[in-house]
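The next block holds one structure in the form of structure tokens; read it before the comments.
Just so you know, these numbers use all the heavy atoms, side chains as well, and skip hydrogens, waters and symmetry mates.
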Amino acid sequence: MLKLIKQANVYTPQFAGVRDVLVGGGKIIEIGTDLSLGSLDHTVIEANGMHMIPGLVDRHVHLTGGGGEGGFSSSTPEVRLSSLVKNGITSVVGLLGTNDVGRSTKSLLSKVKSLREEGMNAFMLTGGYGYPPNSITGDIREDIMFFSEVLGLKLAIEDHRASYVTTEELRRLASYVRVASMLSKKKGFIHLHMGSGKGRYQQIYDVLESTDLPISLFSPTHINRTSELLDASVEFANRGGLIDLTSNIQTKTSAGSLSPAQGVTYLLDKGVSIDSITVSSDANGSLPTFDENGQLIGLKVAGVEPNLVALQQLVTEEGLSLEEAIKPFTINPAKGLGLQGGRGKLEESGAADLILLDDSLTIRDVFINGEAFVAGYDVVKRGVFE
């Protein structure tokens, strides 16, 4: 069924003005003014006064759950599709966390395939915290080459829960990921869980200085974990790297805490380009708190909601324009992941993944590949979808 969305303020992410958008076959067919289909069978969706933006891309979600630092009973639950779509997520990347022994990449792949059957653009990373990596086939190169769902490798460094890979091991993994990605026509990257260790980016710099590998191969996340790591990330971004803040993390500084939105503007004030920043949720992962001796003293479950909250705060509290504020949640992560088909942006012949926001930047409608998953502020019931 063709859908004609009328009179929306369209952000591609650049503001394109008040436009009509024609959707069909999972694609954006046309963006124009005063579009009319005459007698053709179609549905008209009135969007006067609404803001149309690309669907959000969350590059770090524990789809099969995470946690476990406090024992088996502290493992977190799986993600539900309804939790994703009601918060504007139209593309999601799943990964394993601390417990990459009890949880497997095979079960993660099954979850990704399940979400795809329900209509979500779902992907995953092979590996987890540990080394050697937890993989589907026993070889990360085969995982990346032969599974379209697998975009890259997850690994933890500078964390007391990590495997403390050597520089040589990191160099070898990076080479494996690069070659396997080239052979399978993927962007290829190692998504690096950054802990609060004192080395910060030094091990990555050591690999870069001893090889011809590009900095784009390394994708650090949780960079707002500490104020020291946040500051160190400025250099990484200025060297050409893409840095990922976690919307569930508040950064403690000597002057108080920085919200994720404040973390973004802090980086901007330090000279980092908005195009070098992404924001992900870490949803359904655990948010553990450790004392000075490394003992677990608290554990919470991360939600999906903070991504949307951070986007809203960037506009309403930090003063960014909507077209700038949406980039870390849409086009930047889509580019970093190498997503094809126009994900993360609105363009003719591109994927019809889009959101309609009202004046308060609350989600009214969500479309994935042209199909409504949220309509009139309510989640749409779709078969087994809940």
Side-chain angles (χ1 to χ4, degrees), residues 1-6 8 10-13 21-29 42-47 50-64 77-94 111-124 149 247 280-281 283-284 303-309 311-312 326 329-331 333-334 337 339-347 350-358 360-386:
M1 170 69 75
L2 294 171
K3 298 181 179 69
L4 183 57
I5 304 173
K6 299 286 291 183
V10 174
Y11 294 82
T12 66
V21 178
L22 177 62
V23 171
K27 304 288 186 181
I28 296 174
I29 299 173
H42 67 284
T43 299
V44 175
I45 300 171
E46 297 293 344
M50 306 297 292
H51 306 293
M52 180 187 291
I53 67 171
L56 307 189
V57 178
D58 196 333
R59 62 181 306 180
H60 190 116
V61 176
H62 294 274
L63 295 176
T64 54
E78 288 193 1
V79 170
R80 288 192 172 188
L81 180 59
S82 55
S83 297
L84 297 173
V85 297
K86 71 183 181 182
N87 288 288
I89 307 300
T90 60
S91 295
V92 65
V93 180
K111 179 67 175 182
V112 167
K113 288 181 178 293
S114 169
L115 288 171
R116 286 188 168 205
E117 287 183 1
E118 293 182 292
M120 172 62 64
N121 303 309
F123 307 90
M124 64 171 285
E149 298 91 344
S247 62
S280 63
S281 68
N284 283 55
V304 182
E305 302 82 1
N307 266 17
L308 182 61
V309 171
L311 190 160
Q312 294 165 338
I326 62 178
F329 304 88
T330 57
I331 192 168
L337 295 166
L339 298 186
Q340 305 297 315
R343 309 290 176 196
K345 55 186 175 181
L346 301 180
E347 61 181 7
D353 298 341
L354 53 92
I355 300 171
L356 290 174
L357 302 170
D358 63 22
S360 66
L361 302 184
T362 300
I363 292 174
R364 191 192 81 174
D365 303 291
V366 175
F367 298 85
I368 303 177
N369 297 311
E371 296 298 319
F373 281 75
V374 176
Y377 301 100
D378 292 325
V379 174
V380 177
K381 304 294 184 181
R382 303 174 57 85
V384 296
F385 165 78
E386 181 180 341

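- Counting only distance, with no hydrogens or angles, the side chain of Asn284 and the backbone of Pro77 share a donor-acceptor pair below 3.5 Å.
- Scanning all heavy atoms of the two residues, the minimum distance from Ala8 to Met52 falls at CB-CB, 4.0 Å.
- Across every non-hydrogen atom of Leu354 and Leu346, the tightest pair is CB-CD2, 3.9 Å.
- Here the side chain of Lys111 pairs a donor or acceptor atom with the backbone of Val79 at under 3.5 angstrom.
- Side-chain contact check for Tyr11 versus Ile326: some heavy-atom pair is nearer than 4.5 Å.
- Lys86 pairs by the salt bridge (charged side-chain N to carboxylate O under 4.0 Å, His left out) definition with nothing, not counting sequence neighbours.
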side-chain contact (heavy atoms from CB on, under 4.5 Å) for Asn121 and Arg343? Distances and angles first, verdict last.
CA-CA 9 Å; Asn121 303 309; Arg343 309 290 176 196; 3.3 Å; yes
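- The distance from the CG atom of Leu337 to the CG atom of Asp58 is 10.0 Å, given to the nearest 0.5 Å.
- Using modelled atom types, one side-chain atom of Asp365 and one backbone atom of Gly376 make a donor-acceptor pair closer than 3.5 Å.
- Between atom CG of residue Leu115 and atom CE of residue Met120 there is a gap of 6.5 Å, rounded to the nearest 0.5 Å.
- With hydrogens and angles ignored, the 3.5 Å screen pairs no side-chain donor or acceptor of Asn87 with any backbone N or O of Ile89.
- Looking at Leu56 and Thr330, their side chains come closer than 4.5 Å, going by heavy atoms from C-beta outward.
- For the residue pair Ala47 and Ile5, the shortest heavy atom distance occurs at CB-CG2, 3.8 Å.
- Within the 4.5 Å cutoff, the side chain of Leu81 has heavy atoms near those of the Phe373 side chain.
- The CG atom of Leu22 lies 10.0 Å from the NZ atom of Lys6; values are rounded to the nearest 0.5 Å.
- Using a 4.5 Å heavy-atom threshold, the side chains of Phe367 and Ile45 count as touching.
- Counting only heavy atoms from C-beta outward, the side chains of Glu46 and Val44 approach each other to under 4.5 Å.
- Of the possible polar contacts, none joining the Arg59 side chain to the Val93 backbone as a donor-acceptor pair under 3.5 Å is found.
- A side-chain donor-acceptor contact under 3.5 Å links Lys3 to the backbone of Gly370.
- Put simply, the side chain of Asp353 gets close to the backbone of Asn369: a donor and an acceptor are under 3.5 Å apart.
- For the pair Val380/Val374, no side-chain contact is recorded, criterion being any heavy-atom separation below 4.5 Å from C-beta on.
- For the pair Phe329 and Ile53, the minimum side-chain heavy-atom distance is 4.5 Å or more.
- A distance of 6.0 Å separates CD of Gln312 from CG of Leu361, quoted to the nearest 0.5 Å.
- Atom CD of Glu371 and atom OG1 of Thr90 lie 13.5 Å apart (nearest 0.5 Å).
- A donor and an acceptor atom, one from each side chain of Ser281 and Asn307, are nowhere located under 3.5 Å apart.
- The structure places CZ of Arg364 at 9.0 Å from CG of Asp358, a figure rounded to the nearest 0.5 Å.
- Closest heavy-atom contact between Pro306 and Ser247: CB-O, 3.3 Å.
- Shortest non-hydrogen contact noted between Ile29 and Val23 is CD1-C, 4.0 Å.
- At a threshold of 4.5 Å between non-hydrogen side-chain atoms, the residues Met50 and Leu357 do not count as touching.
- Between Val366 and Gly88 the shortest heavy-atom distance is CG2-CA, 4.2 Å.
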